[in-house]
Structures are given as C-alpha cells and as structure tokens.
Amino acid sequence: MRKKISLIGAGQIGGTLAHLITIKELADVVLFDIAEGIAKAKALDIAQSTSVDGHNVSIKGTSNYEDTKNSDVIIITAGIPRKAGMTRDDLLGTNLKIIKQVAEGIKETSPKAFVICITNPLDVIVMALQKYTGFSTNKVVGMAGILDSSRFKYFLSQEIDIPVKKIETMVLGGHGDTMVPMTSYTTVEGKPLNQLITEKKITNEKLDTIIERTRKGGGEISKLLKTGTAFYAPATSGIEMAESYIKNLKKTLPCAAYIDGEYGIKDLYVGVPAVIGNNGVEKIIELKLDSIEKANLEISIKAVKELFQAAIKIDPDLKSK
Ligand code: A3D
C-alpha cells in the first residue's frame with residue numbers, strides 16, 4: 001500500500017512539497033491549510049499535472065484534520081514567513097500559536113507519524129511541537145541543516161568551479177545567524193577543505209565570505225522576494241528527510257533533532273547529524289569538533305536555549321511539558 005504524507009500548510013513550501021512528492025511518486029498527499037481554497041486549488045492543479053507524465057499518486061486539498069488521519073509522514077510549514085528585514089526569531093509569537101493548533105490537529109489523528117517541522121524559528125518551534133503533541137522525540141524532527149548545508153555546498157561549488165556532487169559538507173547548530181558550517185568536515189573531491197586553501201584554490205577570506213553568505217542565505221532571498229522567503233530548496237530538503245524515513249535509507253542528515261547528552265547538551269532540539277530510517281531518528285552522530293567549531297556550536301546552542309525561554313514566557317504551558 002502506498003504511504004500517506006500530509007502537508008500542514010499549503011503555502012509556498014507546502015505546494016512545492018506536494019509537487020515534488022507526486023513527481024517522485026513517494027506517497028499519496030493530503031494538502032491541509034486553514035485557507036481551504038488554497039489547499040484545494042493547489043491539490044487540483046498538481047493532480048492535473050500527474051496525467052502529463054502519468055504519475056500514479058492521489059492528492060487531496062482540505063481544511064479538515066480528519067482527512068490527514070493515519071498519515072505516515074507529516075510535514076509542517078504552517079505559519080508566517082519572514083518579510084524583508086525581519087529575523088526568524090520575530091516570528092516566534094505568531095508561529096508558536098499556530099504550531100499549538102497544528103499539534104492539537106495531528107496528535108489524535110496521526111499518533112504514529114514521523115513529523116518533520118519546517119516552520120520558523122525552527123529549533124524552538126520543533127521543540128514546542130514535540131511538547132505539545134507528546135510524540136516521542138525520535139518521531140519529531142526539524143528541517144534546516146540540509147538546506148543550510150546545500151547552500152554552503154552550492155556557494156563553494158560556484159567559487160571553486162567543482163560540481164556540487166563532488167562536495168561533502170555539513171552545517172550544524174541552530175537555524176539562524178549562529179549556524180555552524182563545519183569546515184573540518186568539508187571535502188572537495190575527497191580532499192579536506194584545508195588542503196584546497198594550501199593549494200590556493202580558495203583563500204581563507206573567500207571562505208569566510210561564503211560562510212557568512214550561508215548564514216544569511218535565507219535573508220538574501222527574502223530581501224529579493226520582499227514578501228516571502230525561500231521555498232524550492234527548503235522543500236527539496238524536507239523531501240530528502242521524508243524519503244530517508246519512508247524508504248529506510250538510514251541517511252545521515254543534519255537535522256534539528258532532540259539531543260539528550262550528545263555533544264554535552266541535554267534536553268534540546270538543535271542541528272546535529274542524525275540517522276533517519278524507518279524508526280525515525282535512529283541515532284545522533286557525534287562528530288569530533290575542533291576548538292572553533294566547539295565554541296561556535298556553544299554560541300548557537302545558547303541562542304536556541306534563550307529563544308526557548310522566550311517561548312516559555314509567551315506560553316507557560318511549555319514549561320510543564
Ligand atoms: P507561506 O507561503 O505563507 O505558507 C504558510 C501557510 O500556512 C499559509 O498558506 C497559511 O494559510 C498556512 N497557515 C497559517 N496558519 C495555519 C494553521 N493554523 N493551520 C494550517 N495552516 C496554516 O509560507 P512558506 O511556505 O514560505 O513558509 C512556511 C514556514 O516555513 C515559515 O514559517 C518560514 O519561515 C519557514 N521556513 C523555514 C525554513 C527552514 O529552513 C527551517 C526555510 C524557509 C522557510
């Protein structure tokens with residue numbers, strides 16, 4: 001039997017997710033939004049696209065959680081995106097309320113689902129979602145690290161003129177300006193990045209510029225769009241996580257996952273490498289960090305913890321969970 005993926009939020013990312021899922025024939029899709037017309041219109045439009053190439057999946061738009069019942073995977077993008085000049089943290093108050101409603105909607109209807117959250121500010125929203133639903137921590141995860149890593153990889157590939165496929169890298173930490181591109185775990189055609197610096201293929205200054213551009217990657221797009229944020233790359237990244245779960249690929253992917261002791265951190269969601277298979281997050285991989293990476297990860301963790309405290313102030317319910 002085909003799997004069922006429900007997408008909560010049928011906006012820019014939700015619609016793109018739905019389109020990608022049908023093209024890949026990954027699962028049947030339910031596209032949910034409180035704006036019922038948008039969900040129904042996009043579902044109908046995408047459904048009509050399936051007959052061009054003969055993609056054999058069903059897609060339905062709805063504003064009724066009953067239709068999402070017994071989903072295998074739920075991907076959440078419900079919420080407001082940034083406008084130019086806003087930070088992700090500015091979205092906290094509004095999106096926390098929305099995520100509480102979403103948690104109410106999915107917790108009885110799809111208690112066994114693997115839930116991927118994309119709504120910002122990511123690390124804190126995914127942590128709140130886990131608390132509101134009470135789902136086990138290995139089944140609730142946030143998408144950000146794949147996107148941040150793919151931005152870093154793309155900028156590097158443009159700079160050194162090497163195809164993205166030949167670059168391996170990882171960006172860890174919170175999904176914000178404090179994210180940590182892991183230069184010591186970056187290789188180009190199998191060679192460590194340091195070697196490329198020695199060989200003068202890239203300068204330290206250029207690398208710093210690329211790291212900064214990666215950190216501000218979302219802002220660069222929202223400045224151009226003015227009324228929204230990136231959606232093609234975020235949706236593509238979310239699909240990689242859903243696919244690894246559905247097909248039990250056990251890929252190691254940088255995700256906002258729950259950590260309880262790893263990296264010396266307890267009881268927090270933050271970007272770390274996680275193995276995703278059909279048991280959800282099956283393992284957190286602990287990388288050896290150099291002193292700069294360690295210090296940067298600590299700064300990033302501090303920022304996530306502080307924002308979660310701000311979330312508790314907005315909704316004291318979060319403290320008791
Ligand atoms: P957008 O196109 O505005 O879509 C959001 C959708 O959510 C809209 O269609 C709303 O109607 C819907 N919605 C609002 N409230 C509810 C609710 N209570 N229940 C169900 N649906 C609701 O935004 P988008 O798709 O561009 O972005 C969605 C979210 O993803 C935003 O919070 C962005 O900041 C975030 N985002 C995260 C990343 C990461 O890498 C983590 C990247 C890009 C965007």
Chemist: Does a salt bridge link E243 with K251, judged by any charged N lying under 4.0 Å from a carboxylate O?
Modeler: no
Chemist: Using a strict 4.0 Å threshold on nitrogen-to-oxygen distance, state whether K266 and D260 make a salt bridge.
Modeler: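 Answer for the salt bridge query: yes.
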Chemist: Look up atom CD1 in I211 and atom NZ in K206, then write down how far apart they are to the nearest 0.5 Å.
Modeler: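 If we round to the nearest 0.5 Å, I211:CD1 and K206:NZ are 12.5 Å apart.
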Chemist: Go through the steps for I74 and I76 under the test side-chain contact (heavy atoms from CB on, under 4.5 Å), then give the verdict.
Modeler: CA-CA 6 Å; I74 293 181; I76 300 170; 3.9 Å; yes
Chemist: Which distance, rounded to the nearest 0.5 Å, do you find between the CG of L7 and the OG1 of T62?
Modeler: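 One finds 12.5 Å between CG of L7 and OG1 of T62.
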Chemist: Can you see which heavy atom on V304 is nearest to which on G174, and at what distance?
Modeler: CG2-CA, 3.9 Å
Chemist: Does the pair E306/K302 count as a salt bridge with the N-to-O cut at 4.0 Å?
Modeler: yes
Chemist: Can you find a pair of side-chain heavy atoms, one from V29 and one from S58, that are under 4.5 Å apart?
Modeler: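 Not in contact.
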Chemist: May I ask you to test the V141-V115 pair for a side-chain heavy-atom distance under 4.5 Å?
Modeler: no
Chemist: Please set out all donor-acceptor pairs under 3.5 angstrom arising from side-chain atoms of residues 8-16, sequence neighbours excluded.
Modeler:
{"unit_1": "T16", "atom_1": "OG1", "unit_2": "Q12", "atom_2": "O", "d": "2.6"}

Chemist: Are the side chains of L253 and S244 in touch, meaning some heavy atoms are under 4.5 Å apart?
Modeler: yes
Chemist: When you group the ILVMFWY residues by side-chain heavy-atom contacts below 4.5 Å and let the links chain together, are L297 and V124 in the same group?
Modeler: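 Result: yes, single cluster for both.
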Chemist: How close do I75 and A242 get, heavy atom to heavy atom, and via which atoms?
Modeler: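 Nearest pair, atom of I75 first, then A242: CD1-CB, 4.3 Å.
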Chemist: Taking all atoms of both residues into account, what is the closest heavy-atom pair of R151 and A230, and its distance?
Modeler: NH2-CB, 3.4 Å
Chemist: May I ask you to check whether over 12 heavy atoms, not counting those of K250, lie within 6.0 Å of atom NZ?
Modeler: yes
Chemist: Taking V171 as the starting point, is it possible to reach I146 by hopping between hydrophobic residues whose side chains are less than 4.5 Å apart?
Modeler: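 No: no chain of side-chain contacts under 4.5 Å links I146 to V171.
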Chemist: Quick one: closest heavy-atom pair of K153 and V164, and the distance?
Modeler: CD-O, 3.5 Å
Chemist: Quick test of your reading of the model: are R82 and D90 salt-bridged, counting only N-O distances below 4.0 Å?
Modeler: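 Salt bridge flag = no for D90 with R82.
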Chemist: Suppose we screen for side chain to side chain contact (heavy atoms under 4.5 Å, CB included). Which residues come up paired with K107, at least two apart in sequence or across chains?
Modeler: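 Side chain to side chain contact (heavy atoms under 4.5 Å, CB included) list for K107, sorted by chain: E104, T133, F135.
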Chemist: Group every Ile, Leu, Val, Met, Phe, Trp and Tyr by side-chain heavy-atom contacts under 4.5 Å, then state whether Y269 and I314 land in the same group.
Modeler: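 Same cluster.
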Chemist: Without swapping roles, check the side chain of T68 against the backbone of V30 for a donor-acceptor pair under 3.5 Å.
Modeler: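 Side chain of T68 to backbone of V30, a donor-acceptor pair under 3.5 Å: no, none is there.
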Chemist: Looking only at atom types and distance, does a side-chain atom of K139 sit under 3.5 Å from a main-chain N or O of K112, one as donor and one as acceptor?
Modeler: yes
Chemist: Is a donor on one side and an acceptor on the other found under 3.5 Å between the side chain of K24 and the backbone of H19?
Modeler: no
Chemist: Within the side chain of D33, is there an N or O that forms a donor-acceptor pair under 3.5 Å with the backbone of A39?
Modeler: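 Not confirmed, D33 side chain does not pair with A39 backbone.
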Chemist: Listed by chain and number, what are the side chain to side chain contact (heavy atoms under 4.5 Å, CB included) partners of Y185, not counting sequence neighbours?
Modeler: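 By the side chain to side chain contact (heavy atoms under 4.5 Å, CB included) rule, Y185 matches M182, L287, K288.
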Chemist: Applying a strict under-4.5 Å side-chain criterion to I, L, V, M, F, W and Y, I'd like to know whether M127 and I312 cluster together.
Modeler: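 Yes, same cluster.
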Chemist: Salt bridge or not for E189 and K191, using N-O below 4.0 Å?
Modeler: no
Chemist: Looking at D290, is its backbone amide N or carbonyl O close enough to the side chain of E293 to form a donor-acceptor pair, meaning the two atoms are under 3.5 Å apart?
Modeler: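 The answer is yes, because a donor-acceptor pair under 3.5 Å joins these two groups.
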Chemist: Salt bridge (Lys or Arg N to Asp or Glu O under 4.0 Å), that's the test. Do E298 and K294 meet it? Break it down for me.
Modeler: CA-CA 6 Å; E298 272 163 21; K294 220 181 212 164; over 6 Å; no
Chemist: So P273 and P254, do their side chains get closer than 4.5 Å, heavy atoms only?
Modeler: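 Of all side-chain heavy-atom pairs linking P273 with P254, none is under 4.5 Å.
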Chemist: Counting N and O atoms only, with roles assigned by atom type, does the side chain of R215 sit under 3.5 Å from a partner on the main chain of M179, one being a donor and the other an acceptor?
Modeler: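 Answer holds: yes.
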Chemist: Taking only Lys NZ, Arg NE, NH1 and NH2, and the carboxylate oxygens of Asp or Glu, determine whether D177 and K216 approach each other closer than 4.0 Å.
Modeler: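 No salt bridge links D177 with K216.
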Chemist: I'd like to check V73 versus I116 (side-chain heavy atoms, cut-off strictly below 4.5 Å). Are they in contact?
Modeler: yes
Chemist: Do the side chains of I285 and V180 join up, straight or via other hydrophobic residues, at under 4.5 Å, putting them in one cluster?
Modeler: yes
Chemist: Carefully, step by step, assess T187 and L193 under the rule side-chain contact (heavy atoms from CB on, under 4.5 Å).
Modeler: CA-CA 5 Å; T187 58; L193 194 54; over 6 Å; no
Chemist: I'd like to know whether OH of Y154 has more than 12 heavy-atom contacts from other residues, nucleotides or ligands below 6.0 angstrom.
Modeler: no
Chemist: Quick one: CG on L307 to CG on L122, what's the gap to the nearest 0.5 Å?
Modeler: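 Here the rounded value is 11.0 Å.
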Chemist: Return yes if some donor-acceptor pair links the side-chain N/O of Q130 with the main-chain N/O of V140 below 3.5 Å, else return no.
Modeler: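 Not confirmed, Q130 side chain does not pair with V140 backbone.
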Chemist: Measuring from atom NZ of K3 to atom CG of N70, what distance do you get when rounded to the nearest 0.5 angstrom?
Modeler: 12.0 Å
Chemist: Partners of K223 by side-chain hydrogen bond (donor to acceptor under 3.5 Å, both in side chains), sequence neighbours excluded?
Modeler: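 Checked K223 against side-chain hydrogen bond (donor to acceptor under 3.5 Å, both in side chains); zero matches.
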Chemist: Does any N or O in the side chain of N204 come within less than 3.5 Å of the main-chain N or O of I197, such that one atom is a donor and the other an acceptor?
Modeler: no
Chemist: If you measure from CD1 on I125 to SG on C117, what distance do you get to the nearest 0.5 Å?
Modeler: 6.5 Å
Chemist: We want to know whether N95 and K97 form a side-chain donor-acceptor pair, criterion being a heavy-atom distance below 3.5 angstrom.
Modeler: no
Chemist: So, does E282 use its side chain to make a donor-acceptor pair with the main chain of I276 at under 3.5 Å?
Modeler: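 It does not hold such a pair.
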Chemist: Is there a side-chain contact between I5 and D28 in this structure, where contact means two heavy atoms from C-beta onward sitting under 4.5 Å apart?
Modeler: no
Chemist: Could I get the full list of side chain to side chain contact (heavy atoms under 4.5 Å, CB included) partners for T236, not counting sequence neighbours?
Modeler: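 For T236 the side chain to side chain contact (heavy atoms under 4.5 Å, CB included) partners, ignoring immediate neighbours, are L20.
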Chemist: Does any part of the side chain of T229, heavy atoms only, come nearer than 4.5 Å to the side chain of S222, both counted from C-beta?
Modeler: yes
Chemist: Quick one: CG on L225 to OG1 on T227, what's the gap to the nearest 0.5 Å?
Modeler: 6.0 Å
Chemist: Please evaluate residues D123 and H175 with respect to the criterion side-chain hydrogen bond (donor to acceptor under 3.5 Å, both in side chains), reporting the C-alpha separation (whole Å), side-chain torsions for both, the decisive distance (0.1 Å), and the verdict.
Modeler: CA-CA 7 Å; D123 307 87; H175 179 58; over 6 Å; no
Chemist: Locate the shortest heavy-atom distance separating D315 from Y132; write the atom from each residue and the value.
Modeler: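 Heavy-atom minimum between the residues: OD2-OH, 2.6 Å.
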Chemist: Considering residues at least two apart in sequence or located in another chain, which fulfil the side chain to side chain contact (heavy atoms under 4.5 Å, CB included) criterion with D53?
Modeler: H55
Chemist: If you compare all heavy atoms of S71 against all heavy atoms of S110, which two are closest, and at what distance to 0.1 Å?
Modeler: N-OG, 3.0 Å
Chemist: With a sphere of 6.0 Å drawn around NZ of K83, does it hold more than 12 non-hydrogen atoms of other residues, nucleotides or ligands?
Modeler: no
Chemist: So does N56 get a backbone contact from the side chain of R2, meaning a donor-acceptor N/O pair under 3.5 Å?
Modeler: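 Yes; judged by distance alone, with no hydrogens or angles, the pair exists.
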Chemist: What I'd like to find out is whether the side chain of V281 reaches to under 4.5 Å of the side chain of Y258, using heavy atoms alone.
Modeler: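 With C-beta onward as the side chain, the pair stays apart.
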